[in-house]
Amino acid sequence: MVPVRAACTFLSLAPLLVLGVPPIWTQPEQVHLSYPGEPCSMVVTWTTFSKTESKVEYSLLGGRLFEMTAKGDATLFVDSGKEKRRMYIHRVTLTGLKPAAAYAYHCGSDDGWSDVFSFTALNNNTSFSPRFALYGDLGNENPQSLARLQKETQLGMYDVILHIGDFAYDMHEDNARIGDEFMRQIQSIAAYVPYMTCPGNHESTYNFSNYRNRFSMPGQTESLWYSWNLGSAHIISLSTEVYFYLEFGQELLFKQYNWLKKDLEEANKPENRAVRPWIITMGHRPMYCSDDDQDDCTKFDSYVRLGRNDTKPPAPGLEDLFYNYGVDLELWAHEHTYERLWPVYGDMVYNGSKEQPYVNPKAPIHIITGSAGCREKTDRFNPNPKEWSAFRSTDYGYTRMQVVNTTHVYLEQVSDDQLEMNLTSSASAVGPTGRPHMLSTPHQAPIYPEGLSSVHFSTTHPETDCMLYDQSTKKQDR
(Lines give C-alpha, C1' and ligand atoms only; values in the text may rest on other atoms or scores of the structure.)
Protein backbone atom coordinates (compact mmCIF):
# COMPACT_ATOMS: atom_id res chain seq x y z
CA MET A 1 0.00 0.00 0.00
CA VAL A 2 2.87 2.36 0.60
CA PRO A 3 3.93 2.49 -3.03
CA VAL A 4 0.32 3.09 -4.04
CA ARG A 5 -0.06 6.00 -1.61
CA ALA A 6 3.22 7.46 -2.86
CA ALA A 7 2.08 7.20 -6.44
CA CYS A 8 -1.23 8.87 -5.61
CA THR A 9 0.56 11.68 -3.82
CA PHE A 10 2.84 12.24 -6.78
CA LEU A 11 -0.05 12.26 -9.23
CA SER A 12 -2.00 14.73 -7.12
CA LEU A 13 0.91 17.16 -7.36
CA ALA A 14 1.27 16.78 -11.12
CA PRO A 15 -1.23 19.55 -12.04
CA LEU A 16 0.63 21.98 -9.80
CA LEU A 17 3.93 21.07 -11.41
CA VAL A 18 2.47 21.56 -14.89
CA LEU A 19 1.04 24.95 -13.95
CA GLY A 20 4.47 26.06 -12.76
CA VAL A 21 6.13 25.52 -16.16
CA PRO A 22 6.42 28.79 -18.13
CA PRO A 23 5.34 28.74 -21.77
CA ILE A 24 7.85 28.76 -24.61
CA TRP A 25 7.55 31.89 -26.75
CA THR A 26 9.31 31.04 -30.00
CA GLN A 27 6.60 32.20 -32.40
CA PRO A 28 7.58 35.36 -34.37
CA GLU A 29 5.30 38.38 -34.04
CA GLN A 30 5.36 42.16 -34.55
CA VAL A 31 6.92 41.80 -38.01
CA HIS A 32 7.92 45.05 -39.69
CA LEU A 33 10.12 46.25 -42.53
CA SER A 34 12.48 49.19 -42.82
CA TYR A 35 14.75 50.51 -45.52
CA PRO A 36 18.40 50.58 -44.40
CA GLY A 37 19.36 53.27 -46.89
CA GLU A 38 21.36 50.94 -49.14
CA PRO A 39 19.88 50.25 -52.59
CA CYS A 40 18.49 46.78 -53.23
CA SER A 41 18.09 45.95 -49.55
CA MET A 42 15.44 45.64 -46.84
CA VAL A 43 15.54 44.97 -43.09
CA VAL A 44 13.04 42.58 -41.51
CA THR A 45 12.52 43.03 -37.75
CA TRP A 46 10.38 40.90 -35.43
CA THR A 47 9.99 39.81 -31.82
CA THR A 48 9.99 36.55 -29.91
CA PHE A 49 9.88 36.06 -26.15
CA SER A 50 12.27 33.12 -26.10
CA LYS A 51 15.64 33.01 -27.80
CA THR A 52 15.66 31.52 -31.30
CA GLU A 53 17.62 31.80 -34.52
CA SER A 54 16.94 34.77 -36.79
CA LYS A 55 16.17 33.70 -40.35
CA VAL A 56 14.18 35.04 -43.29
CA GLU A 57 13.23 32.75 -46.15
CA TYR A 58 12.14 34.60 -49.26
CA SER A 59 11.67 34.40 -53.01
CA LEU A 60 10.41 36.37 -55.96
CA LEU A 61 6.64 36.56 -55.81
CA GLY A 62 5.13 34.01 -58.17
CA GLY A 63 8.17 31.76 -58.12
CA ARG A 64 9.00 28.80 -55.94
CA LEU A 65 8.54 29.84 -52.33
CA PHE A 66 11.50 30.41 -50.01
CA GLU A 67 14.31 29.71 -52.46
CA MET A 68 16.63 32.11 -50.61
CA THR A 69 17.60 32.39 -46.95
CA ALA A 70 19.19 35.23 -45.00
CA LYS A 71 20.34 35.10 -41.40
CA GLY A 72 20.71 37.82 -38.81
CA ASP A 73 20.93 38.38 -35.08
CA ALA A 74 18.67 38.77 -32.08
CA THR A 75 19.15 41.38 -29.36
CA LEU A 76 17.81 40.88 -25.86
CA PHE A 77 15.64 43.82 -24.76
CA VAL A 78 14.74 43.98 -21.09
CA ASP A 79 11.97 46.48 -20.43
CA SER A 80 12.61 48.73 -17.44
CA GLY A 81 9.15 48.28 -15.92
CA LYS A 82 8.63 46.44 -12.63
CA GLU A 83 8.33 43.03 -14.27
CA LYS A 84 11.55 43.47 -16.25
CA ARG A 85 9.97 41.64 -19.18
CA ARG A 86 12.41 40.12 -21.62
CA MET A 87 12.00 39.97 -25.38
CA TYR A 88 14.26 39.22 -28.29
CA ILE A 89 14.34 41.67 -31.20
CA HIS A 90 15.42 39.92 -34.40
CA ARG A 91 16.93 41.75 -37.37
CA VAL A 92 17.80 40.31 -40.76
CA THR A 93 18.98 42.39 -43.72
CA LEU A 94 18.05 41.19 -47.19
CA THR A 95 20.52 42.27 -49.87
CA GLY A 96 20.81 41.90 -53.62
CA LEU A 97 17.11 42.55 -54.18
CA LYS A 98 15.94 43.41 -57.66
CA PRO A 99 14.63 47.01 -57.77
CA ALA A 100 10.83 47.17 -58.02
CA ALA A 101 10.54 43.37 -57.83
CA ALA A 102 7.93 41.79 -55.54
CA TYR A 103 8.99 39.22 -52.96
CA ALA A 104 7.23 36.77 -50.66
CA TYR A 105 8.82 36.04 -47.28
CA HIS A 106 8.37 34.68 -43.82
CA CYS A 107 10.61 35.06 -40.80
CA GLY A 108 11.50 33.05 -37.73
CA SER A 109 13.33 29.76 -37.29
CA ASP A 110 12.75 26.03 -37.16
CA ASP A 111 11.14 26.71 -33.79
CA GLY A 112 8.35 28.68 -35.48
CA TRP A 113 7.64 30.72 -38.61
CA SER A 114 5.54 33.82 -39.17
CA ASP A 115 2.75 34.12 -41.69
CA VAL A 116 3.78 34.69 -45.29
CA PHE A 117 4.03 38.37 -46.23
CA SER A 118 5.10 40.21 -49.35
CA PHE A 119 6.89 43.45 -50.23
CA THR A 120 8.17 45.27 -53.26
CA ALA A 121 11.86 46.18 -53.23
CA LEU A 122 12.29 49.94 -53.50
CA ASN A 123 13.34 51.24 -56.88
CA ASN A 124 16.74 52.92 -56.59
CA ASN A 125 16.33 54.94 -59.79
CA THR A 126 16.17 58.71 -59.27
CA SER A 127 13.21 58.80 -61.68
CA PHE A 128 11.18 56.61 -59.29
CA SER A 129 8.01 58.33 -58.01
CA PRO A 130 7.53 56.97 -54.49
CA ARG A 131 4.16 57.20 -52.72
CA PHE A 132 3.98 57.76 -48.98
CA ALA A 133 1.44 57.76 -46.20
CA LEU A 134 2.55 59.97 -43.32
CA TYR A 135 1.17 60.71 -39.88
CA GLY A 136 2.03 60.90 -36.21
CA ASP A 137 0.34 60.27 -32.88
CA LEU A 138 -1.25 56.91 -33.65
CA GLY A 139 -2.23 54.94 -30.56
CA ASN A 140 -3.30 51.48 -29.50
CA GLU A 141 -6.56 53.02 -28.25
CA ASN A 142 -8.74 55.06 -30.65
CA PRO A 143 -6.55 54.44 -33.74
CA GLN A 144 -9.03 56.15 -36.04
CA SER A 145 -6.96 55.92 -39.24
CA LEU A 146 -5.52 52.45 -38.72
CA ALA A 147 -8.11 50.37 -40.59
CA ARG A 148 -7.95 52.60 -43.67
CA LEU A 149 -4.16 52.58 -43.65
CA GLN A 150 -4.12 48.79 -43.31
CA LYS A 151 -6.46 48.35 -46.26
CA GLU A 152 -4.80 50.95 -48.48
CA THR A 153 -1.37 49.49 -47.81
CA GLN A 154 -2.55 46.02 -48.76
CA LEU A 155 -4.12 47.49 -51.91
CA GLY A 156 -0.63 48.62 -52.90
CA MET A 157 -1.24 52.36 -52.60
CA TYR A 158 1.99 53.14 -50.73
CA ASP A 159 5.67 52.41 -51.12
CA VAL A 160 6.71 53.75 -47.70
CA ILE A 161 5.07 54.79 -44.43
CA LEU A 162 6.43 57.73 -42.41
CA HIS A 163 5.37 57.61 -38.75
CA ILE A 164 6.37 61.00 -37.34
CA GLY A 165 6.61 60.16 -33.65
CA ASP A 166 4.29 59.11 -30.80
CA PHE A 167 3.43 55.43 -30.92
CA ALA A 168 0.92 53.30 -29.01
CA TYR A 169 0.31 55.75 -26.12
CA ASP A 170 2.54 54.44 -24.70
CA MET A 171 4.88 51.63 -25.63
CA HIS A 172 6.28 51.28 -22.11
CA GLU A 173 2.90 50.99 -20.37
CA ASP A 174 1.76 47.77 -18.68
CA ASN A 175 5.38 46.62 -18.67
CA ALA A 176 5.64 47.20 -22.45
CA ARG A 177 2.59 45.09 -23.29
CA ILE A 178 0.95 48.15 -24.88
CA GLY A 179 4.01 48.40 -27.11
CA ASP A 180 3.68 44.74 -28.03
CA GLU A 181 0.03 45.10 -28.93
CA PHE A 182 0.65 48.25 -30.97
CA MET A 183 3.39 46.53 -32.95
CA ARG A 184 0.95 43.69 -33.63
CA GLN A 185 -1.62 46.24 -34.80
CA ILE A 186 0.69 47.84 -37.33
CA GLN A 187 2.07 44.52 -38.59
CA SER A 188 -0.65 44.46 -41.26
CA ILE A 189 0.93 47.68 -42.60
CA ALA A 190 4.57 47.42 -41.66
CA ALA A 191 5.12 43.83 -42.81
CA TYR A 192 4.35 44.94 -46.38
CA VAL A 193 6.10 48.31 -46.80
CA PRO A 194 9.04 50.00 -45.04
CA TYR A 195 7.82 51.67 -41.85
CA MET A 196 10.15 54.63 -41.29
CA THR A 197 10.02 56.43 -37.94
CA CYS A 198 11.26 59.22 -35.71
CA PRO A 199 10.86 59.52 -31.91
CA GLY A 200 8.23 61.62 -30.15
CA ASN A 201 7.69 62.72 -26.58
CA HIS A 202 5.54 59.69 -25.78
CA GLU A 203 8.57 57.47 -26.31
CA SER A 204 10.68 59.23 -23.68
CA THR A 205 10.15 56.87 -20.73
CA TYR A 206 13.27 54.92 -19.74
CA ASN A 207 15.34 57.06 -22.12
CA PHE A 208 13.34 56.09 -25.21
CA SER A 209 14.31 52.44 -24.67
CA ASN A 210 11.20 50.92 -26.26
CA TYR A 211 11.61 53.06 -29.36
CA ARG A 212 15.36 52.54 -29.63
CA ASN A 213 15.06 48.78 -29.32
CA ARG A 214 11.97 48.05 -31.38
CA PHE A 215 12.79 49.91 -34.61
CA SER A 216 15.61 49.46 -37.11
CA MET A 217 16.33 52.68 -38.98
CA PRO A 218 19.46 53.48 -41.07
CA GLY A 219 22.70 54.56 -39.44
CA GLN A 220 24.16 53.93 -36.00
CA THR A 221 22.06 56.26 -33.81
CA GLU A 222 19.49 53.75 -32.52
CA SER A 223 16.93 55.23 -34.94
CA LEU A 224 17.08 58.70 -33.31
CA TRP A 225 18.28 60.56 -36.43
CA TYR A 226 19.25 59.39 -39.91
CA SER A 227 18.81 60.20 -43.60
CA TRP A 228 18.14 58.26 -46.77
CA ASN A 229 17.44 58.78 -50.45
CA LEU A 230 14.44 57.71 -52.46
CA GLY A 231 13.57 58.83 -55.97
CA SER A 232 14.47 62.49 -56.37
CA ALA A 233 14.26 63.19 -52.62
CA HIS A 234 16.73 63.27 -49.77
CA ILE A 235 14.78 62.53 -46.59
CA ILE A 236 16.04 63.45 -43.12
CA SER A 237 14.55 62.09 -39.90
CA LEU A 238 15.45 63.83 -36.65
CA SER A 239 14.68 63.88 -32.96
CA THR A 240 13.09 67.08 -31.70
CA GLU A 241 13.13 65.49 -28.25
CA VAL A 242 16.83 66.23 -27.73
CA TYR A 243 15.69 69.83 -27.04
CA PHE A 244 13.42 68.75 -24.18
CA TYR A 245 14.95 65.76 -22.39
CA LEU A 246 18.35 67.12 -21.45
CA GLU A 247 18.53 64.64 -18.57
CA PHE A 248 19.31 61.93 -21.13
CA GLY A 249 22.39 63.79 -22.33
CA GLN A 250 22.71 67.38 -23.48
CA GLU A 251 25.47 66.24 -25.81
CA LEU A 252 22.85 64.51 -27.98
CA LEU A 253 21.43 67.89 -28.93
CA PHE A 254 24.77 69.13 -30.24
CA LYS A 255 25.69 65.79 -31.77
CA GLN A 256 22.48 65.75 -33.80
CA TYR A 257 22.87 69.39 -34.85
CA ASN A 258 26.40 68.80 -36.12
CA TRP A 259 25.26 65.67 -37.94
CA LEU A 260 22.38 67.58 -39.54
CA LYS A 261 24.71 70.31 -40.76
CA LYS A 262 27.11 67.80 -42.27
CA ASP A 263 24.27 65.85 -43.88
CA LEU A 264 22.76 69.00 -45.40
CA GLU A 265 26.15 70.11 -46.70
CA GLU A 266 26.50 66.77 -48.47
CA ALA A 267 22.95 66.90 -49.85
CA ASN A 268 23.62 70.39 -51.23
CA LYS A 269 26.69 69.48 -53.22
CA PRO A 270 25.84 70.38 -56.83
CA GLU A 271 26.19 66.81 -58.06
CA ASN A 272 23.81 65.56 -55.33
CA ARG A 273 21.23 68.35 -55.53
CA ALA A 274 21.08 67.93 -59.30
CA VAL A 275 19.71 64.38 -59.02
CA ARG A 276 17.87 64.80 -55.70
CA PRO A 277 16.68 68.41 -55.61
CA TRP A 278 14.07 67.73 -52.93
CA ILE A 279 15.14 67.90 -49.28
CA ILE A 280 12.40 66.76 -46.92
CA THR A 281 12.67 66.62 -43.14
CA MET A 282 10.52 64.82 -40.57
CA GLY A 283 10.52 65.50 -36.83
CA HIS A 284 7.88 65.20 -34.14
CA ARG A 285 7.39 68.65 -32.54
CA PRO A 286 6.69 71.48 -35.02
CA MET A 287 8.41 74.85 -35.17
CA TYR A 288 5.05 76.54 -35.80
CA CYS A 289 1.42 75.67 -35.09
CA SER A 290 -1.82 77.47 -34.24
CA ASP A 291 -3.20 75.00 -31.70
CA ASP A 292 -4.62 76.28 -28.43
CA ASP A 293 -2.55 74.18 -26.03
CA GLN A 294 0.57 76.18 -25.14
CA ASP A 295 2.90 73.62 -26.74
CA ASP A 296 6.38 74.66 -27.82
CA CYS A 297 5.23 75.47 -31.36
CA THR A 298 2.70 78.03 -30.09
CA LYS A 299 5.51 80.13 -28.63
CA PHE A 300 7.60 82.64 -30.55
CA ASP A 301 10.76 81.39 -28.82
CA SER A 302 10.18 77.74 -29.72
CA TYR A 303 13.10 75.52 -28.68
CA VAL A 304 12.95 73.58 -31.95
CA ARG A 305 12.90 76.73 -34.04
CA LEU A 306 15.27 79.04 -32.15
CA GLY A 307 17.16 76.77 -29.76
CA ARG A 308 17.83 77.08 -26.03
CA ASN A 309 19.79 79.77 -24.20
CA ASP A 310 19.75 77.97 -20.86
CA THR A 311 22.40 75.45 -21.91
CA LYS A 312 26.15 75.86 -21.93
CA PRO A 313 26.96 76.56 -24.66
CA PRO A 314 23.60 77.83 -25.97
CA ALA A 315 21.89 75.22 -28.17
CA PRO A 316 21.13 76.31 -31.76
CA GLY A 317 17.65 75.84 -33.18
CA LEU A 318 16.82 74.30 -36.52
CA GLU A 319 15.04 77.04 -38.47
CA ASP A 320 18.14 78.91 -39.65
CA LEU A 321 19.93 75.66 -40.48
CA PHE A 322 17.06 74.34 -42.59
CA TYR A 323 16.49 77.71 -44.25
CA ASN A 324 20.14 78.25 -45.13
CA TYR A 325 20.50 74.78 -46.64
CA GLY A 326 17.34 74.99 -48.72
CA VAL A 327 15.07 72.46 -47.04
CA ASP A 328 11.88 72.37 -49.09
CA LEU A 329 9.32 70.52 -47.01
CA GLU A 330 9.19 70.04 -43.23
CA LEU A 331 6.88 67.32 -41.92
CA TRP A 332 5.74 67.40 -38.29
CA ALA A 333 3.15 65.86 -35.94
CA HIS A 334 2.63 66.20 -32.12
CA GLU A 335 -0.40 68.49 -32.50
CA HIS A 336 -3.48 66.30 -32.89
CA THR A 337 -4.66 68.28 -35.88
CA TYR A 338 -3.73 68.90 -39.49
CA GLU A 339 -2.27 72.24 -40.53
CA ARG A 340 -0.58 73.47 -43.71
CA LEU A 341 1.47 76.64 -43.60
CA TRP A 342 2.37 79.23 -46.18
CA PRO A 343 6.10 79.52 -46.85
CA VAL A 344 7.43 80.82 -43.53
CA TYR A 345 10.72 81.90 -42.02
CA GLY A 346 11.32 84.00 -38.93
CA ASP A 347 7.59 84.01 -38.14
CA MET A 348 6.93 85.83 -41.42
CA VAL A 349 5.27 84.70 -44.64
CA TYR A 350 7.42 84.62 -47.76
CA ASN A 351 4.93 84.01 -50.57
CA GLY A 352 6.09 84.37 -54.13
CA SER A 353 3.30 86.79 -55.04
CA LYS A 354 -0.22 87.68 -54.00
CA GLU A 355 -1.71 85.85 -56.97
CA GLN A 356 0.56 82.79 -56.78
CA PRO A 357 1.87 82.53 -53.25
CA TYR A 358 3.84 79.33 -53.87
CA VAL A 359 5.57 80.42 -57.06
CA ASN A 360 9.26 80.66 -56.11
CA PRO A 361 8.66 81.47 -52.45
CA LYS A 362 11.71 82.10 -50.33
CA ALA A 363 11.04 79.83 -47.35
CA PRO A 364 10.15 76.20 -46.53
CA ILE A 365 6.65 74.72 -46.34
CA HIS A 366 5.54 73.13 -43.06
CA ILE A 367 2.96 70.33 -42.78
CA ILE A 368 1.61 69.20 -39.38
CA THR A 369 -0.13 65.82 -39.49
CA GLY A 370 -0.74 64.45 -35.99
CA SER A 371 -4.39 63.39 -36.10
CA ALA A 372 -4.15 59.69 -36.94
CA GLY A 373 -5.97 58.88 -33.69
CA CYS A 374 -5.05 58.15 -30.08
CA ARG A 375 -6.61 58.16 -26.61
CA GLU A 376 -5.97 61.91 -26.23
CA LYS A 377 -8.41 62.66 -29.07
CA THR A 378 -7.91 65.73 -31.29
CA ASP A 379 -6.78 69.22 -30.25
CA ARG A 380 -8.43 72.62 -30.57
CA PHE A 381 -7.19 75.52 -32.66
CA ASN A 382 -6.53 79.08 -31.60
CA PRO A 383 -9.42 81.06 -33.14
CA ASN A 384 -6.99 83.75 -34.31
CA PRO A 385 -4.12 82.08 -36.17
CA LYS A 386 -1.15 83.99 -37.49
CA GLU A 387 -0.80 84.88 -41.15
CA TRP A 388 1.38 81.87 -41.93
CA SER A 389 -1.50 79.41 -41.32
CA ALA A 390 -2.96 78.41 -44.71
CA PHE A 391 -5.34 75.53 -43.91
CA ARG A 392 -6.46 73.78 -40.72
CA SER A 393 -8.57 70.75 -39.85
CA THR A 394 -9.45 69.01 -36.58
CA ASP A 395 -10.67 65.89 -38.40
CA TYR A 396 -8.98 62.60 -37.72
CA GLY A 397 -6.86 61.65 -40.70
CA TYR A 398 -3.49 61.21 -42.35
CA THR A 399 -1.49 62.59 -45.26
CA ARG A 400 -0.57 61.10 -48.62
CA MET A 401 2.48 62.28 -50.54
CA GLN A 402 4.01 61.41 -53.88
CA VAL A 403 7.43 62.63 -54.99
CA VAL A 404 6.45 62.70 -58.64
CA ASN A 405 9.74 63.78 -60.19
CA THR A 406 12.44 66.41 -59.82
CA THR A 407 9.90 69.21 -60.31
CA HIS A 408 6.71 68.09 -58.60
CA VAL A 409 5.60 66.72 -55.25
CA TYR A 410 1.93 66.08 -54.56
CA LEU A 411 0.33 65.94 -51.10
CA GLU A 412 -3.22 65.48 -49.88
CA GLN A 413 -4.83 65.22 -46.46
CA VAL A 414 -7.42 62.48 -45.96
CA SER A 415 -10.25 62.95 -43.47
CA ASP A 416 -11.55 59.97 -41.54
CA ASP A 417 -14.53 62.01 -40.32
CA GLN A 418 -16.20 63.13 -43.53
CA LEU A 419 -18.50 60.67 -45.21
CA GLU A 420 -18.90 62.30 -48.61
CA MET A 421 -16.44 63.69 -51.09
CA ASN A 422 -15.92 67.33 -50.21
CA LEU A 423 -12.72 68.93 -51.42
CA THR A 424 -12.37 71.95 -49.18
CA SER A 425 -9.04 73.52 -50.03
CA SER A 426 -6.72 74.24 -52.88
CA ALA A 427 -4.27 72.69 -55.26
CA SER A 428 -0.83 74.04 -54.69
CA ALA A 429 2.69 73.61 -55.91
CA VAL A 430 6.23 73.95 -54.64
CA GLY A 431 9.78 73.28 -55.74
CA PRO A 432 13.10 72.51 -54.12
CA THR A 433 15.36 75.30 -52.88
CA GLY A 434 13.78 77.84 -55.18
CA ARG A 435 10.61 76.93 -53.39
CA PRO A 436 7.04 75.91 -54.04
CA HIS A 437 4.33 77.56 -55.97
CA MET A 438 0.64 77.23 -55.40
CA LEU A 439 -2.33 77.22 -57.73
CA SER A 440 -4.62 79.11 -55.40
CA THR A 441 -7.98 77.73 -56.45
CA PRO A 442 -10.13 76.81 -53.43
CA HIS A 443 -12.80 74.14 -53.96
CA GLN A 444 -11.24 73.13 -57.26
CA ALA A 445 -9.80 69.73 -58.10
CA PRO A 446 -6.00 69.60 -58.28
CA ILE A 447 -4.30 70.25 -61.60
CA TYR A 448 -1.87 67.41 -62.27
CA PRO A 449 1.44 67.95 -64.04
CA GLU A 450 2.23 65.81 -67.04
CA GLY A 451 3.44 62.40 -65.94
CA LEU A 452 1.74 62.38 -62.54
CA SER A 453 0.37 58.94 -61.88
CA SER A 454 -3.23 58.60 -60.87
CA VAL A 455 -3.93 59.18 -57.19
CA HIS A 456 -6.66 57.19 -55.45
CA PHE A 457 -9.47 59.28 -54.04
CA SER A 458 -11.68 57.60 -51.46
CA THR A 459 -15.31 58.69 -51.54
CA THR A 460 -15.82 57.55 -47.96
CA HIS A 461 -12.64 59.12 -46.62
CA PRO A 462 -12.15 62.24 -48.72
CA GLU A 463 -9.12 64.41 -49.07
CA THR A 464 -9.68 67.73 -47.33
CA ASP A 465 -6.50 69.46 -48.45
CA CYS A 466 -4.17 68.96 -51.39
CA MET A 467 -0.97 70.52 -52.60
CA LEU A 468 1.03 70.13 -55.80
CA TYR A 469 4.60 71.29 -55.34
CA ASP A 470 6.27 72.48 -58.54
CA GLN A 471 9.84 73.57 -59.15
CA SER A 472 9.72 73.51 -62.92
CA THR A 473 10.11 77.30 -63.12
CA LYS A 474 13.48 78.92 -62.65
CA LYS A 475 14.47 79.15 -59.01
CA GLN A 476 15.06 82.46 -57.35
CA ASP A 477 17.53 83.19 -54.59
CA ARG A 478 16.11 83.77 -51.16
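Atom set for the values below is all heavy atoms of this structure, side chains included, hydrogens, waters and symmetry mates excluded. The model shown is predicted, which means the values in this text are computed figures rather than measured ones.
Remark: the backbone N or O of N201 is paired with a side-chain donor or acceptor of S204 at under 3.5 angstrom. Side chain of N405 to backbone of H408: a donor-acceptor contact under 3.5 angstrom is found.
The existence of a salt bridge linking E181 and R184 is confirmed by a sub-4.0 Å separation between a basic side-chain nitrogen and an acidic carboxylate oxygen. Salt bridge annotation for E83-R177: present, with a cationic side-chain nitrogen under 4.0 angstrom from a carboxylate oxygen. Between E222 and R214 there is no salt bridge, since no side-chain nitrogen of the basic residue lies less than 4.0 Å from a carboxylate oxygen of the acidic one. Using a cutoff of 4.0 Å between basic side-chain nitrogens and carboxylate oxygens, R273 and D328 are scored as salt-bridged.
At most 12 non-hydrogen atoms from other residues, nucleotides or ligands lie less than 6.0 angstrom from NZ of K151. Heavy atoms of other residues, nucleotides or ligands lying less than 6.0 angstrom from CZ of R375 number more than 12. Counting non-hydrogen atoms of neighbouring residues, nucleotides and ligands closer than 6.0 angstrom, the CD atom of E376 exceeds 12 such neighbours. For K312, the NZ atom is loosely surrounded, since the number of other residues' heavy atoms within 6.0 Å does not exceed 12.
Annotation: cation-pi geometry not satisfied between R212 and F77 (NZ/CZ under 6.0 angstrom from ring centroid, within 45° of ring axis). For the pair R285 and F244, the cation sits on the ring face: its NZ or CZ lies under 6.0 Å from the ring centre, inside 45° of the axis.
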ring-ring contact (aromatic ring centres under 6.0 Å, His included) for H336 and Y396? Distances and angles first, verdict last. CA-CA 8 Å; H336 298 172; Y396 287 108; 9.0 Å; no
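Annotation for P343 and I365: closest pair CG-CD1, 3.4 Å, computed over non-hydrogen atoms. The two residues V403 and S232 come nearest to each other via the heavy atoms CG1-OG, 3.4 Å.
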